[in-house]
Amino acid sequence: MADDATILHADLDAFYASVEQRDDPRLRGRPVIVGGGVVLAASYEAKAMGVRTAMSGRQALRICPHAAVVDPRMSAYSVASKAVFEVFRDTTPLVEGLSIDEAFLDVGGLWRIAGTPADIARRLRADVLAEVGLPITVGVARTKFLAKVASAVAKPDGLLVVPPDGELAFLHPLPVERLWGVGPVTAGKLHRHGIRTVEQVAELDEQGLTAMLGSASGRHLHALAHNRDPRPVRTGRRRRSIGAQRALGRRSRSPGELEAVVAALVDRVARRLRTADRVCRTVVLRLRFDDYTRATRSRSLPLATAETETILLTARRLLGAAMPAIGLRGLTLVGVALGNLTDAAAPAQLELPFEANPSGSLDAALDDLRDRFGASSVTRATLLGSRDRPSVPLLPD
């Protein structure tokens, strides 16, 4: 790990809602909810009233009846994200994007030409506000983990530098939920043992944590509780997975309707997979139930593929296996992700029989039509008349 605090974690504040407030002066200072049926994003004014992402629109308006509800404008968010990343790259060439609204920046080599990391962070915040018109929070620390924690603590519209000699004094009083990898399930296990702060995690030896949480999770949290995170900021890394999801609201859906939604998601992600010249080995189905709990189902394929029908068949089987749980608990969101990605040009085992017409020829023809005439020019019969939800903008592959 570096000897000095030279890693920045820059994170835009309430990104979608901030873009809406920037573009419509009437929304500034007001609670704003992006998305009607399900909350995609909320301004800090709405968050202060208790509105949260993934909450139903009806519940959000009961909590915050004076909120302005706006439809998402994904193209505007994509343009804003690209502009912000230009500012990042003007600051340092070492930029590792995490999502469309956050990134790590390594400024360790810029002392002589740009000043201290704190100076650079202050300029970065001012440049993003001046050039893109959006507030951004920056955390500065010696490790990626602690820089991300610092930005979360500094939100909204803040700057927090954690000096090397003050790392544990800053980290240890925080709740265990601040540790990467501690979700509701892991937090519940820790709480049942009376562990609520990072300091209490650090006081346990690694063996005790692994006995409580399992080998991988125990070692991971033991390292983070002592701020051991040797990962450098990496540039040029290709995406490890490609996914899409759709919020469904609270209305009950038939198995046929859910299959149609999954088919639309598979069409989208498979096309993106082929556009990136990649193939996948794992298909993942992500579910969020009425009580906001989540579940993940996955299946690995015998051979890597980019074929829509192979991916869709696997996703349908995963959905079928999950239907009993969906029937009992309801479903508010479904997503499909493709993992274990490799380059399509990488050597692969050939399959028999060697067909004269490759199995991907239909996909190629449909991709060509959609490229020429638009994504909605060709669709499945089951999706005719349905209203497709806007796709979430993503970092380039």
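Under the 4.5 Å side-chain heavy-atom criterion for Ile, Leu, Val, Met, Phe, Trp and Tyr, Val284 and Leu338 are members of distinct hydrophobic clusters. Follow the hydrophobic side-chain contacts under 4.5 Å out from Met323 and you reach Leu287 in the same cluster. Under a hydrophobic clustering in which Ile, Leu, Val, Met, Phe, Trp and Tyr are joined whenever their side-chain heavy atoms come within less than 4.5 Å, directly or via other members, Val138 and Trp111 fall into different clusters. Tracing side-chain contacts under 4.5 Å through hydrophobic residues (I, L, V, M, F, W, Y), one never reaches Leu333 starting from Leu258; they form parts of separate clusters. Residues Val79 and Phe88 fall into different hydrophobic clusters, defined by Ile, Leu, Val, Met, Phe, Trp and Tyr side chains chained together at heavy-atom separations under 4.5 Å.
Closest approach of Ala14 to Ala42, counting heavy atoms only: CB-O, 3.5 Å. Looking at every heavy atom in both residues, Leu179 comes nearest to Ala225 through CD2-N, 4.2 Å. Across Ala270 and Ile311, no two heavy atoms sit closer than the pair CB-CD1, 4.2 Å. Heavy atoms only, all atoms of each residue included: Ile63 and Gly50 are closest at CD1-O, 4.0 Å. Pairing each heavy atom of Val201 with each of Val176, the nearest pair is CG2-CG1, 3.7 Å. What you find for Ala187 and Glu177 is that their closest heavy atoms are CB-OE2, 3.6 Å.
For Ser217 (side chain) and Gly214 (main-chain N/O), no donor-acceptor pair under 3.5 Å exists by modelled atom type. A distance-only check finds no donor-acceptor pair linking the side chain of Arg274 to the backbone of Val279 [under 3.5 Å]. In this structure, Gln200 contributes its side chain and Gly194 its backbone to a donor-acceptor pair below 3.5 Å. With hydrogens and angles disregarded, a donor-acceptor distance shorter than 3.5 Å links the side chain of Glu257 to the backbone of Ser254. At least one donor-acceptor pair under 3.5 Å links the side chain of Arg272 to the backbone N or O of Gly243. Side-chain N or O atoms of Glu96 include one that pairs as donor or acceptor with a backbone N or O of Arg234 at under 3.5 Å. When atom types are taken as modelled, the side chain of Thr197 and the backbone of Pro173 share no donor-acceptor pair closer than 3.5 angstrom. No side-chain donor-acceptor contact under 3.5 Å links Lys144 to the backbone of Asp229. In terms of modelled atom types and a separation under 3.5 Å, the side chain of Ser78 and the main chain of Met74 share no donor-acceptor contact. For the pair Asp291 (side chain) and Thr293 (backbone), a donor-acceptor distance under 3.5 Å is present.
No more than 12 heavy atoms of other residues, nucleotides or ligands shown are found within 6.0 angstrom of NE2 on His193. Enclosure of atom CD in Gln207 is not indicated, since only 12 or fewer non-hydrogen atoms of other residues, nucleotides or ligands lie within 6.0 angstrom. Heavy atoms of other residues, nucleotides or ligands lying less than 6.0 angstrom from CG of Asp71 number 12 at most. Within 6.0 Å of atom CZ in Arg58, 12 or fewer heavy atoms from other residues, nucleotides or ligands are found, so the atom counts as exposed in its surroundings. For Arg286, the CZ atom sits in a loose shell: 12 or fewer heavy atoms of surrounding residues, nucleotides or ligands are nearer than 6.0 Å.
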Between Leu190 and Met212, does the side-chain contact (heavy atoms from CB on, under 4.5 Å) criterion hold? Intermediate values first, please.
CA-CA 8 Å; Leu190 293 170; Met212 187 186 308; 3.7 Å; yes
Check the pair Thr282 / Leu301 against side-chain contact (heavy atoms from CB on, under 4.5 Å), numbers first and verdict last.
CA-CA 6 Å; Thr282 302; Leu301 306 171; over 6 Å; no
Using the side-chain contact (heavy atoms from CB on, under 4.5 Å) rule, take Val32 and Gln21 through it: C-alpha gap first, then chi angles, then the decisive distance, then the call.
CA-CA 8 Å; Val32 175; Gln21 290 176 318; 3.8 Å; yes
Run the salt bridge (Lys or Arg N to Asp or Glu O under 4.0 Å) test on Arg125 and Asp157 for me, step by step, so that the C-alpha distance in whole Å, both residues' side-chain angles and the decisive distance to 0.1 Å come before the verdict.
CA-CA 9 Å; Arg125 295 184 66 241; Asp157 195 18; 2.5 Å; yes
For the pair Asp90 and Asp127, evaluate side-chain contact (heavy atoms from CB on, under 4.5 Å) and give the outcome as yes or no after the intermediate values.
CA-CA 10 Å; Asp90 286 343; Asp127 290 345; over 6 Å; no
Worked check of salt bridge (Lys or Arg N to Asp or Glu O under 4.0 Å) between Arg316 and Glu259
CA-CA 7 Å; Arg316 281 174 169 161; Glu259 279 203 11; 3.8 Å; yes
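Side chains of Arg271 and Thr275: a donor-acceptor N/O pair is absent below 3.5 angstrom, by distance only. Using modelled atom types, one finds a donor on one side chain and an acceptor on the other under 3.5 Å when comparing Asn227 with Thr143. With hydrogens and angles left out, the side-chain atoms of Thr6 and Asp4 include no donor and acceptor closer than 3.5 Å. A donor atom on one side chain and an acceptor atom on the other are not found under 3.5 Å apart for His66 and Glu45. Between the side chains of Thr332 and Arg288, at least one donor N or O sits under 3.5 Å from an acceptor N or O. A donor-acceptor pair shorter than 3.5 Å can be found between the side chains of Thr137 and Asp13.
Checked against Phe104 for a side-chain contact (heavy atoms from CB on, under 4.5 Å), the options Leu98, Leu8, Thr235 give a single hit: Leu98. Partner of Glu167 under the side chain to side chain donor-acceptor pair (under 3.5 Å) criterion, chosen from His226, His172, Arg142: Arg142. For the pairing with Val283, the side-chain contact (heavy atoms from CB on, under 4.5 Å) check across Thr305, Leu318, Thr310, Leu313 returns one residue only, Leu318. Across Leu110, Thr92, Val140, a single residue satisfies side-chain contact (heavy atoms from CB on, under 4.5 Å) together with Leu105, and that is Thr92.
Atom-to-atom distance recorded for Phe15:CZ and Tyr77:OH is 8.5 Å, nearest 0.5 angstrom. Here the NZ-CZ distance, from Lys148 to Arg178, works out to 10.5 Å after rounding to the nearest 0.5 Å. Separation of atoms CZ (Phe85) and CG (Asp101) is listed at 8.0 Å; rounding is to 0.5 Å. In this structure, CD in Glu102 is found 11.0 Å from OG in Ser81, a value given to the nearest 0.5 Å. We find the CG-CH2 distance between Leu146 and Trp180 to be 10.0 Å, quoted to the nearest 0.5 Å. Between atom OG of residue Ser43 and atom CZ of residue Arg30 there is a gap of 9.5 Å, rounded to the nearest 0.5 Å.
Remark: Lys47 qualifies as a cation-pi partner of Tyr44 under the 6.0 Å distance and 45° angle criteria applied to the six-membered ring.
Considering only heavy atoms from C-beta on, Arg253 stays 4.5 Å or farther from Leu331 through its side chain. With contacts defined as side-chain heavy-atom distances shorter than 4.5 Å, the pair Arg22/Val132 qualifies. Between Ile195 and Leu204, the closest side-chain pair of non-hydrogen atoms falls below 4.5 Å. When side chains are defined from C-beta on, Asp11 does not count as touching Ile136, because their heavy atoms never get closer than 4.5 Å. At a threshold of 4.5 Å between non-hydrogen side-chain atoms, the residues Val185 and Lys189 count as touching. By the 4.5 Å heavy-atom criterion applied to side chains, Cys280 and Leu273 are counted as neighbours.
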